[in-house]
Amino acid sequence: MPELPEVETIVLELQQLIVEHIIRDVTIRESKLIAFPDKREFLTLIKDSLIEDVSRRGKYILIKLSEGLTMVIHLRMTGRLLVLPAEMGYDKHTHIIFHLDNGLDLRFHNLRKFGRIYLVKDNQWVEAGNLTGLGPEPLSDDFTLDKFKEILKRRKTNIKALLLKQDFIAGLGNIYTDEALFEAGILPHKRADELTDIEIEKLYRAIRVVLKKAIEYGGTTFSDYRNVQNKMGFFQNELMVYKREGKKCYRCGTEIAKERVASRGTHYCPGCQK
DNA sequence: CGAGGTACCTGACAGC
DNA sequence: TGCTGTCAGGTACCTC
């Protein structure tokens, strides 16, 4: 479910709520969500760790702990990270509970159980789901127009599939790929190496504009996404094409279309996107 | 490298 | 009501 803006929203909130606190204990109700190391070692390592910092790389949440440990969390489709009072009840989809020293729990809620947690020492990113293989952060300075242009010109695949590849650019998922392509006026089926310089520049800007705006709105909630207080985002009201098939384009009035591109449900405006 | 499929899970929703 | 099929913010892994 969550893409870069949702993960960023969660990270900003976690920085306020859990940093400087200690993980007193952990309740593991579904151990398959602990990808590395095994349950026993995970518990031994993490107990009494101090949470020093929370950050993000692509869609991965990085929780820096004392003793050089980092807990890496990926929410996949339906994961939630919640920070709630320990006395508050929880449902059957709450699979891992970190009990903090301030009377709050950090809870990993995950309806479809696709999410994963890795606990790594120093920078063992290899076991942590290949963070080293991620592409540039679209909102950072090292994501430049020149680099973007250079890579696009060498790829024959359709632009939608390319934007979804995390080793090409980190953080975009199905919603924001569709939204950015609309914003840039480019059809999702278009081959990457056939985009003009002007189209590439429009796309480059569109990606950054759409992501930044979505972060300001606290992400998009259709069904599962919630922030750490278990509240919905607001960007679903701002979407131009995603989940708007059959409805009129806000810009030109054409009916928004939906079809499968890159094996994903893909929304676009046949009027605005060429 | 590219394209397509499957698998992992649970639930919502449409259609019969 | 209830059954069946499809779809879902993701990604790893497999084959051709």
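Labels below follow one simple rule: chain letters A, B, ... track the order of the sequence lines, proteins then strands, and each chain is numbered from 1.
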Are F42(A) and I117(A) close enough, and set up right, to give a side-chain contact (heavy atoms from CB on, under 4.5 Å), and what steps lead you there? CA-CA 10 Å; F42(A) 182 90; I117(A) 299 182; 3.8 Å; yes

Rounded to whole Å, please give me the gap between [atom1] in [X] and [atom2] in [N].
| X | N | atom1 | atom2 | value |
| --- | --- | --- | --- | --- |
| H109(A) | dG11(B) | NE2 | P | 10 Å |
| N174(A) | dG9(C) | CG | C1' | 8 Å |
| R264(A) | dG5(B) | CZ | P | 14 Å |
| Q236(A) | dA8(C) | CD | C1' | 16 Å |
| I73(A) | dG10(C) | CD1 | P | 18 Å |
| Y225(A) | dT10(B) | OH | P | 24 Å |
| M77(A) | dA7(B) | CE | P | 16 Å |
| Q166(A) | dG10(C) | CD | C1' | 8 Å |

Hey, does the side-chain of S223(A) have a donor or acceptor N/O within less than 3.5 Å of a partner on the base of dG9(C)? yes

Would dG10(C) be called syn or anti here, given the cut-off of 90° from 0? anti

Is [X] near enough to [N] that one of its side-chain N or O atoms lies under 4.0 angstrom from OP1 or OP2?
| X | N | result |
| --- | --- | --- |
| K165(A) | dG10(C) | no |
| R155(A) | dG2(B) | yes |
| T157(A) | dA3(B) | yes |
| K59(A) | dG9(C) | no |

Would you say the side-chain atoms of E194(A) pair up with the backbone N or O of K153(A), donor to acceptor, closer than 3.5 Å? no

Start at the 5' end of DNA chain C and walk down; is the nucleotide closest to L164(A) or to R112(A) reached first? R112(A)

Any idea which of dG9(C), dG11(B), dA12(C) is nearest the R76(A) side chain? dA12(C)

Kindly point out which of dG9(C), dT11(C), dG11(B) is positioned nearest to the side chain of H74(A)? dT11(C)

With the six-membered base ring of dC8(B) as reference, does the ring of F114(A) sit under 5.5 Å away with planes under 30° apart? yes

Return the nucleotide paired to dG9(C): Watson-Crick means purine N1 to pyrimidine N3 with N6-O4 or O6-N4, wobble means G-U with N1-O2 and O6-N3, both under 3.5 Å. none

Using the [atom1] atoms only, state how far [M] lies from [N], rounded to an integer number of Å.
| N | M | atom1 | value |
| --- | --- | --- | --- |
| dC7(C) | dG4(B) | P | 16 Å |
| dG5(B) | dT6(C) | P | 13 Å |
| dG5(C) | dT6(B) | P | 15 Å |

More than 12 heavy atoms of other residues, nucleotides or ligands under 6.0 Å from CG of D141(A): yes or no? no

Heavy atoms only, 4.0 Å cut-off, all strands: where does [X] land among base, sugar-phosphate and nothing?
| X | value |
| --- | --- |
| R260(A) | sugar-phosphate |
| G219(A) | nothing |
| K92(A) | sugar-phosphate |
| Y242(A) | sugar-phosphate |

Would you say Y225(A) and T9(A) make side-chain contact, with heavy atoms under 4.5 Å? yes

Ring of Y250(A), cation from R244(A) - is the NZ or CZ under 6.0 Å from the centre and inside 45° of the axis? yes

Test: D48(A) and R24(A) ion pair at under 4.0 Å: yes

